[in-house]
Structure formats: structure tokens, C-alpha cells
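Handing you this structure, nothing more for now.
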Amino acid sequence: MEKIEKPKLKLFSLNSNRPLAEKIAGKLGIKLGKVNVTRFDDGEININIEESIRGDDVYVVQSTSYPGNEYLIELLIMIDALKRASAKEINVVIPYYGYARQDRKAKAREPITAKLVANMLEATGADRVLVLDLHAAQLQGYFDIPVDHLLGVPLLASYILDYDFNGEELVIVAPHHGAISRARMMAEFLDVPLAIVDRRGTKGDTVEKVNVIGEVDDKVCIIVDDIIDTANTILIATKALTQEGAKNVFAAATHGVFSDQSIEKIKQANIEKIFVTDSIYIPIEKQINKLVQVTVSELIADAIERIFYNESVSPLFKNKYEGFEKDN
């Protein structure tokens with residue numbers, strides 16, 4: 001009997017963020033797998049994997065960003081196709097996990113959609129999930145399969161360290177109480193002070209009272225959060241910091257969702273730069289001068305390689321990540 005070959009590593013990309021997937025493939029030294037995603041006349045999605053993946057360890061890159069429902073269905077159909085094509089392991093790489101903010105019942109008769117999505121991924125056939133900066137770390141517990149949760153803060157901290165602040169005194173700012181742990185991590189990496197924007201009486205986009213806890217006068221402030229969506233949170237924080245005498249205001253976040261009129265608001269705001277990763281593809285029309293993208297491709301490629309060779313992923317969390325690369 002012939003010796004059974006070891007499983008091969010195969011990387012596929014769907015439609016949400018092919019540029020990131022191509023970078024990951026480049027870091028791994030492989031080519032993206034061949035897959036054709038088309039639509040029937042009625043709009044239904046059809047997927048055809050155009051190469052053999054029998055017995056292989058397959059990784060599929062797909063952020064479930066806008067349009068999240070469409071990209072989620074693409075991903076589920078791809079997992080089913082891989083399962084039926086006899087992939088050995090189906091590893092789902094989700095740089096941005098949509099629906100993560102619906103992680104609990106905030107009021108009566110609401111769904112917990114983050115858990116529903118986890119159930120759907122498992123039921124369809126995913127063997128492992130690799131995610132980046134979940135909105136809440138406890139979402140890992142929604143899965144009964146292995147979850148590798150990568151962190152964006154070390155990567156962004158490494159980039160900020162090399163950014164030219166001309167020796168200015170930096171202060172990391174949590175724009176709300178839910179961002180304190182992430183902001184504290186950034187402050188510890190950079191060895192700089194932490195400040196907090198304390199908001200009271202928040203109703204929608206309206207905030208009755210805003211206080212800044214910490215010394216920000218004549219300092220360069222960097223607001224840190226996981227997601228920038230409507231940009232209201234960072235703009236409220238920017239206004240409060242400016243009123244307290246901040247010299248300049250920057251922002252850093254892992255996921256740049258930038259929905260609604262967020263880009264127009266950012267253009268008009270008193271904010272110097274916003275550092276985000278490329279976990280979500282940002283269309284050309286939204287790529288303004290104030291946005292700086294830091295690629296997560298090497299971080300994800302390192303994680304994939306460690307998983308494939310059964311090595312520990314935890315070293316990627318312990319220090320500031322040195323493998324950053326700026327997108328031009």
C-alpha cells in the first residue's frame with residue numbers, strides 16, 4: 001500500500017476581502033485556491049470549488065462585513081461545499097465577525113444573533129474558527145469548536161510606536177467604559193498614561209454629559225476602540241478631549257466599518273489620523289487621507305501556519321507584533 005500523503009494547506013477567499021486574502025497567501029508562500037462564486041438568475045449564490053481539496057486542511061477567508069447577510073450566506077455555502085468535497089479540516093478565518101454586537105438580550109424578546117451565527121457555522125461543518133478582535137472576548141464561549149482569537153492591539157501598538165509623533169507626550173483614551181480594557185492594553189504596550197471619556201445619559205447619538213478622567217491638556221491623545229462604525233463615539237470623545245486642551249487627537253481601531261455618513265463626519269472632525277486594520281475592505285471612495293490602514297495579513301498568516309503545524313498560537317499575543325506593514 002502506498003504511503004498516505006500529509007494533508008496540504010489550502011487557502012480560499014470569498015468576496016468580502018480578497019485583497020487581504022491575497023496578502024495572507026503571499027505571506028504563506030502559496031496561491032489562493034480556485035473557487036468560482038456566481039449567482040443564478042434569481043440571485044441565489046452558487047459556489048464551485050475548481051480544484052481537489054480531498055484530505056486537505058482548508059482555510060477560508062471571509063469577513064462578514066457589509067453586506068453581512070450576503071457574505072455570511074456565501075461562507076455557509078462554501079463550508080458545505082468543502083465538507084461535501086471531503087476536506088480534512090475546514091478552518092474559517094473571519095477577520096471581522098459580524099453580528100458580534102448582538103451578544104446578549106438587551107431587552108425583552110430580542111435574539112442573541114452572535115450565538116445564532118456561531119451555531120450556523122458549526123452546524124454547516126466548520127471545524128475551527130480564527131477571528132480577530134471579537135467585540136466581546138466571551139463570544140468564544142458561543143462555539144463548541146476550537147476558536148483562536150487574535151488581538152489587534154499589539155499590531156496597532158507596533159505601528160504607533162514607529163509613527164512620527166516628534167517626541168510628543170502621548171495619552172491613550174478609552175472613548176467609553178466598555179473600551180477600557182482594550183485601551184489599557186494599548187497604554188501598557190506603549191508605556192503611556194490612560195484617560196477615559198465618561199459619558200452619562202446616552203440615548204442614541206445624544207449624550208447628556210461628557211467628562212474626561214485623566215490628564216490630557218497639551219497632550220497627543222489616541223482614542224482606542226475595537227470598531228468604528230458611525231464614528232459618533234470617537235467624534236464625541238474628540239470634542240471632549242479638544243475642550244480639555246488636547247494638542248492633537250488620533251484614533252485607532254481594529255475594524256473600520258464606516259457605515260452611514262461616517263466618512264463625511266470624519267472629514268469635518270478635529271482628528272488628525274485614524275489607524276485601522278484591513279480586516280474589512282474599505283472601498284476607494286472611503287479611503288480618505290485621514291485613514292491609515294495597517295495590514296493584518298502577516299499576523300493571520302502566522303496564526304494559520306502555527307495551527308497547520310500544531311504549534312502554539314499564544315506567542316502572537318504576548319508582545320507587540322513586529323510584523324506590521326502599512327497599506328499605501
Side-chain angles (χ1 to χ4, degrees), residues 19-20 23 27 132-133 150-175 179 182-197 212 214-228 231 233-235 237-256 258 262-263 265-282 284 286-300 302 316-328:
L20 173 59
K23 292 176 190 174
K27 300 294 183 183
L132 176 69
D133 262 354
L150 302 179
L151 303 178
V153 167
L155 182 71
L156 291 167
S158 295
Y159 185 85
I160 290 169
L161 270 178
D162 277 15
Y163 192 84
D164 185 13
F165 287 105
N166 295 316
E168 298 281 2
E169 291 187 61
L170 301 182
V171 176
I172 299 300
V173 180
R182 183 172 282 103
R184 182 182 291 117
M185 185 189 302
M186 177 73 81
E188 289 174 353
F189 274 135
L190 300 179
D191 193 23
V192 300
L194 174 68
I196 302 166
V197 176
V212 177
E215 180 57 49
V216 299
D217 185 35
D218 203 35
K219 301 291 195 300
V220 173
C221 297
I222 304 176
I223 303 166
V224 175
D225 210 346
D226 62 327
I227 297 171
I228 300 177
T233 295
I234 63 166
L235 296 185
T238 298
K239 183 178 179 181
L241 294 167
T242 303
Q243 290 174 346
E244 291 295 320
K247 183 182 292 185
N248 294 110
V249 180
F250 293 75
T254 305
H255 307 298
F258 299 125
S262 58
I263 294 297
K265 295 176 188 175
I266 290 167
K267 284 181 181 178
Q268 303 303 318
N270 185 29
I271 191 165
E272 296 293 322
K273 295 284 185 181
I274 297 178
F275 308 114
V276 295
T277 76
D278 55 355
S279 64
I280 296 174
Y281 173 72
I282 300 176
I284 296 297
K286 291 187 176 183
Q287 294 180 16
I288 61 175
N289 290 335
K290 287 186 178 183
L291 289 185
V292 178
Q293 274 194 287
V294 181
T295 186
V296 295
S297 57
E298 189 161 343
L299 175 63
I300 293 176
D302 281 356
L316 300 180
F317 310 143
K318 292 179 180 178
N319 301 299
K320 292 180 289 297
Y321 192 72
E322 302 302 333
F324 73 81
E325 175 185 310
K326 176 184 172 182
D327 275 357
N328 294 316

Practice problem: State, to 0.1 Å, how close I234 and A251 come at their nearest heavy-atom pair, and which atoms those are. | Solution: CD1-CB, 4.4 Å
Practice problem: Supply the atom-to-atom distance K273 NZ to I266 CD1, rounded to the nearest 0.5 angstrom. | Solution: 12.5 Å
Self-check item: Value rounded to 0.5 Å, distance of NZ in K239 from CD1 in I271
Solution: 14.5 Å
Exercise. State, yes or no, whether a side-chain contact exists between L190 and L161 at a heavy-atom distance under 4.5 Å.
Key: yes
Quiz prompt | Polar contact flag, side-chain donor to acceptor under 3.5 angstrom, D278-T295 | solution = yes
Exercise. Could you please spell out the steps behind the side chain to side chain contact (heavy atoms under 4.5 Å, CB included) verdict for I223 and L241?
Key: CA-CA 10 Å; I223 303 166; L241 294 167; 3.9 Å; yes
Quiz item: Shortest non-hydrogen contact from V216 to A195?
Solution: CG1-CB, 3.9 Å
Quiz item: Counting only heavy atoms not in E169, do more than 12 fall under 6.0 Å of its CD?
Solution: no
Quiz prompt | Backbone N/O of T254 and side chain of D133: donor-acceptor pair under 3.5 Å | solution = no
Quiz item: Side chains of F189 and I160: closer than 4.5 Å at any heavy-atom pair?
Solution: no
Exercise. Nearest 0.5 Å please: distance from the CG atom of L170 over to the NZ atom of K219.
Key: 10.5 Å
Quiz item: Looking at P175 and T233, what are the two nearest heavy atoms and their distance?
Solution: CB-CG2, 3.7 Å
Quiz prompt | Considering all heavy atoms, the nearest L316-L150 contact | solution = CD1-CD2, 4.2 Å
Quiz item: Does the side chain to side chain contact (heavy atoms under 4.5 Å, CB included) test come out yes or no for F165 and I222, once each step is laid out?
Solution: CA-CA 11 Å; F165 287 105; I222 304 176; 4.0 Å; yes
Quiz item: Out of curiosity, I274 CD1 to D225 CG, how far, rounded to the nearest 0.5 Å?
Solution: 11.5 Å
Exercise. Could you pull out the closest heavy-atom pair between L194 and A183, with the gap in Å?
Key: CD1-CB, 3.7 Å
Quiz item: Would you call the rings of F275 and F250 parallel, tilted or perpendicular, where under 30° means parallel and over 60° means perpendicular?
Solution: parallel
Self-check item: Heavy-atom side-chain contact between L151 and M185 under 4.5 Å
Solution: yes
Quiz prompt | Inter-residue atom distance Q287.CD - F258.CZ, 0.5 Å rounding | solution = 10.5 Å
Quiz item: Should we count NZ of K290 as having more than 12 external heavy atoms under 6.0 Å?
Solution: yes
Quiz item: Between V197 and A237, what is the shortest heavy-atom contact and its length?
Solution: CG2-CB, 3.9 Å
Quiz prompt | Beyond-backbone contact of M186 with L156, side-chain heavy atoms, under 4.5 angstrom | solution = yes
Quiz item: Donor-acceptor pair, N166 side chain versus E168 backbone, under 3.5 Å?
Solution: no
Self-check item: E298 side-chain N/O to K27 backbone N/O, donor-acceptor pair under 3.5 Å
Solution: no
Quiz item: What distance separates N270 CG from L235 CG, expressed to the nearest 0.5 Å?
Solution: 10.5 Å
